[in-house]
Structures are given as structure tokens and as C-alpha cells.
Amino acid sequence: MGGNTTPSSLSCTPRATVTGCKGRLLKEEFNRGGLLQRLLLRLTQALSTQMFQTAACNRHIRWSSNCAGGYC
């Protein structure tokens, strides 16, 4: 998705507010392959990574608590 590394954290500081953006215009700009495309792909990668890390952590916590309760 354009990233060379997998992010472990995400920090966003909005510099501008977009209001009333039409889907067609957004898609056209994305398809140009410029800065907007790179930023949206990086955001998608960061959100996916966060989701997978949360799922893995939750699974580990459940496994750990089961073992602590003598279920292992």
C-alpha cells in the first residue's frame, strides 16, 4: 500500500477540514496517483494493522486468562 514498514502507531493532526466532497471527485483524485492516494493507502494500512494487532492482543489475553484459571 505504499508503505515500506508496518506502522505500530498512528498520530493524526488535521491541517484542514474537508466538507461536502463528492464521491466522484474523490475517486478521480485518488486515481491520479498523487499525494491523496498515498495518504489514503497509508491510513488504510495503519487502520488494518491496528485492527489485526488488537485482535491478536485480545486472543492472547483470553489465552493467558484461561491458563491462569487452570484451563491449560
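Just so it is clear, the structure is predicted and the values come from calculations on it, not from any experiment. Residue numbers count from 1 along this sequence.
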| request: I would like to know whether Leu41 and Phe30 meet side chain to side chain contact (heavy atoms under 4.5 Å, CB included); could you show each step before the answer? | output: CA-CA 10 Å; Leu41 289 174; Phe30 180 86; 4.2 Å; yes

| query | In chain order, what residues pass the side chain to side chain contact (heavy atoms under 4.5 Å, CB included) check against Leu36, with sequence neighbours excluded? | reply | Leu26, Glu29, Leu40

| said: Salt bridge check, Arg24 against Glu28: does any charged N sit closer than 4.0 Å to a carboxylate O? | reply: yes

| task | Share the residues that join Phe52 in a hydrophobic cluster, the rule being Ile, Leu, Val, Met, Phe, Trp or Tyr side chains under 4.5 Å apart at the heavy-atom level. | result | Met51

